[in-house]
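In what follows, every chain begins at residue 1, and chains take the letters A, B, ... in the order their sequences are listed.
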Amino acid sequence: MVKQFEDKAHKVKIGLAEMLKGGVIMDVTTPEQAKIAEQSGAAAVMALERVPSQIRAEGGVARMADLDIIEGIKRDVTIPVMAKCRIGHLIEGRVLEALEVDFIDESEVLTPADEKYHVDKWGFKVPFVCGCRNLGEALRRISEGAAMIRTKGEAGTGDVSQAVKHLREIGSVMKSLTIMSPEELYGVAKDFRVSLDLVKMVAATGKLPVPNFAAGGIATPADAALCMHLGAEAVFVGSGIFMSDDPEKRAKAIVSATTHWQDFNVIAEYSHGLGGAMKGIQASSIPIEEQLQTR
Amino acid sequence: MRKFEKRQVGVLALQGDYERHQHQLGLLRVKNRLVRLPADLTEIDSLIIPGGESTTMDILLDRFHLREPLTEFGRSHPVYGTCAGMIMVATSIRDNQAGVKPLGLIDIEVVRMGYGRQVHSFEEILPVSLGNGTSSLTATFIRAPRIARTGPDVTVLASYKDHPVLVRRDNVLAGSFHTELDDDTTLLRYFIQEFS
């Protein structure tokens with residue numbers, strides 16, 4: 001396991017995740033939206049057909065985006081372009097790789113293609129990001145070759161509470177690992193169903209061996225700064241921007257708040273006059289079988 | 001210029017892998033601080049512009065009123081630009097689709113993503129001539145910019161496949177690649193010791 005992290009191919013995948021730190025990755029559905037995102041200061045865009053709140057409202061099977069949309073977005077912006085594949089859909093992954101997208105999100109926002117397995121991500125040249133709710137889930141995805149981890153939160157709600165819960169959960173369990181005895185770490189590896197080596201890597205540093213970003217329900221500049229405060233190294237914003245009253249202004253404000261997450265004056269300055277945030281739904285009111293995070 | 005041990009290195013932290021540079025500065029026990037607002041520039045003796053997205057950095061330089069003070073700083077202090085940072089210190093960008101306005105601190109023309117998109121990113125052991133006995137570096141190219149032209153006063157310190165990838169002019173160092181992703185601090189040490 002540890003050896004795989006020294007592999008050149010894996011290092012360049014994690015390298016791109018490092019370059020995205022301190023930035024905002026925005027969901028976009030058209031080249032026009034991608035340009036707005038880029039001009040607002042987004043560090044990357046995520047190309048998809050419908051943002052999570054639309055998927056939630058409209059239902060149906062959510063799949064990898066139309067390739068023409070992805071191509072159009074790739075043509076029109078210079079920042080990295082990410083796209084989502086369904087959980088376990090290794091062929092959607094290969095198609096996106098052939099299209100030379102810069103990152104693939106194996107995402108719970110789309111309808112899972114495999115109820116049991118995730119994609120084996122080691123064999124891909126393109127890096128993958130995966131969602132998680134807790135440290136065990138994060139380490140299982142890292143074992144499968146994910147080069148970046150993000151919280152799942154509860155996508156498409158505009159309610160940041162679940163991303164906060166997941167960040168706090170991951171952070172506090174990582175901290176507890178750093179003071180555990182070898183026998184306890186062995187127990188953790190068993191409970192998490194991951195290798196002892198990987199658990200030891202986390203215990204030695206108190207950090208994941210790949211960048212750790214936040215996603216799911218981020219809708220305001222303050223939400224983004226809160227996630228950074230809780231240990232996220234960058235943020236994904238899905239429905240929060242383009243389902244709000246003034247996407248351009250809100251996108252700028254969220255970028256500014258992410259860069260200056262420790263400077264409350266800057267956050268305040270950019271939080272003025274944004275118009276309405278997305279309406280949203282309280283995540284805890286969604287029945288478990290309709291939650292995306294349990295996928 | 002403050003004494004060596006008192007010197008403070010700034011790392012531009014608008015977006016990108018600034019923490020990796022901070023980590024390496026920590027390994028060398030060099031005082032450092034992140035630069036996000038113009039006032040931060042008064043506290044530092046040299047500056048690293050890290051990898052990340054040059055479009056993003058370009059926009060944020062204007063938004064946070066850093067463009068002029070940073071250009072001014074770079075004319076009289078050491079600056080090291082890596083990857084996106086190299087794009088920022090260049091004089092021109094070929095096919096400048098996003099309209100990024102480089103700071104013009106070293107006379108080079110760059111091509112963004114000149115080595116291809118992420119699936120073409122790679123790591124190489126590069127021969128270098130730093131004049132201090134260092135003969136090679138492990139270099140990571142990530143959606144890396146390519147140097148298409150160098151001005152007459154620019155010294156080439158390393159090349160890859162006939163294109164310069166590490167260049168210097170007076171107090172400015174610029175490279176297409178990353179060495180901060182590993183713990184090898186050779187290039188950072190070179191910048192701190194040889195640039196003043």
Counting only heavy atoms not in [X], do more than 12 sit closer than 6.0 Å to its [atom1] atom?
| X | atom1 | value |
| --- | --- | --- |
| A/K175 | NZ | no |
| B/E194 | CD | yes |
| A/K74 | NZ | yes |

Spacing of [atom1] belonging to [X] relative to [atom2] belonging to [Y], to within rounding of 0.5 Å:
| X | Y | atom1 | atom2 | value |
| --- | --- | --- | --- | --- |
| B/I142 | A/K11 | CD1 | NZ | 10.0 Å |
| B/D17 | A/E233 | CG | CD | 11.5 Å |
| A/K125 | B/S121 | NZ | OG | 9.0 Å |
| A/T78 | B/D95 | OG1 | CG | 12.5 Å |

Could you look at [X] and say if it's the side chain, the backbone, both or neither that has a heavy atom under 4.5 Å from chain A?
| X | answer |
| --- | --- |
| B/L181 | side chain |
| B/E180 | side chain |
| B/A13 | backbone |
| B/D58 | neither |
| B/M57 | neither |

Is any side-chain heavy atom of [Y] closer than 4.5 Å to one of [X]?
| X | Y | answer |
| --- | --- | --- |
| B/Q118 | A/P127 | yes |
| A/K21 | B/Y18 | no |
| B/L60 | A/V255 | yes |
| A/V266 | B/F64 | yes |

Can you tell which part of [X] gets under 4.5 Å to a heavy atom of chain B, answering side chain, backbone, both or neither?
| X | value |
| --- | --- |
| A/E269 | neither |
| A/Q39 | both |
| A/T258 | neither |
| A/P211 | neither |
| A/A42 | backbone |
| A/K252 | both |

Quiz prompt | Max heavy-atom pair count under 4.5 Å with chain A, selected residue of B/C83, B/G51, B/G52 | solution =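 Counting heavy-atom pairs under 4.5 Å, the top option is B/G52.
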
* To do: Could you tell me which of B/H178, B/R117, B/R112, B/Q97 has the largest number of non-hydrogen atom pairs under 4.5 Å with chain A?
  =>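 That would be B/R117.
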
Looking only at non-hydrogen atoms, find the nearest pair between [X] and [Y] and report the distance.
| X | Y | result |
| --- | --- | --- |
| A/L16 | B/R143 | CD1-CD, 3.9 Å |
| B/R63 | A/S40 | NH2-O, 2.7 Å |
| A/G23 | B/Q15 | CA-CG, 3.7 Å |

Worksheet item: Within the side chain of B/E53, is there an N or O that forms a donor-acceptor pair under 3.5 Å with the backbone of A/M19?
Response: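 Pair absent, no side-chain N/O of B/E53 close to backbone of A/M19.
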
- Item | Those residues that, when tested against A/F213, pass ring pair (Phe, Tyr, Trp, His ring centres under 6.0 Å) (two or more places apart) |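 A/F213 satisfies ring pair (Phe, Tyr, Trp, His ring centres under 6.0 Å) with no other residue.
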
Walk me through whether B/R36 and A/D263 qualify under salt bridge (Lys or Arg N to Asp or Glu O under 4.0 Å).
CA-CA 10 Å; B/R36 290 191 169 116; A/D263 190 333; over 6 Å; no

Item to complete: Check the pair A/E18, B/R20 against salt bridge (Lys or Arg N to Asp or Glu O under 4.0 Å), reporting the backbone distance first and the verdict last.
Response: CA-CA 8 Å; A/E18 293 283 347; B/R20 290 302 314 170; 5.0 Å; no

(message) Just so I understand: if I count every heavy-atom pair under 4.5 Å between each of A/P80, A/A17, A/A9 and chain B, which residue has the most?
(response)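 Going by pairs under 4.5 Å, I would pick A/P80.
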
Largest heavy-atom contact set with chain B, pairs under 4.5 Å, which of A/A234, A/A44, A/G41: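 Ranked by contacts with chain B, first place is A/G41.
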
Step by step, would you call A/E100 with B/H120 a side chain to side chain donor-acceptor pair (under 3.5 Å)? CA-CA 9 Å; A/E100 298 197 355; B/H120 304 290; 2.8 Å; yes

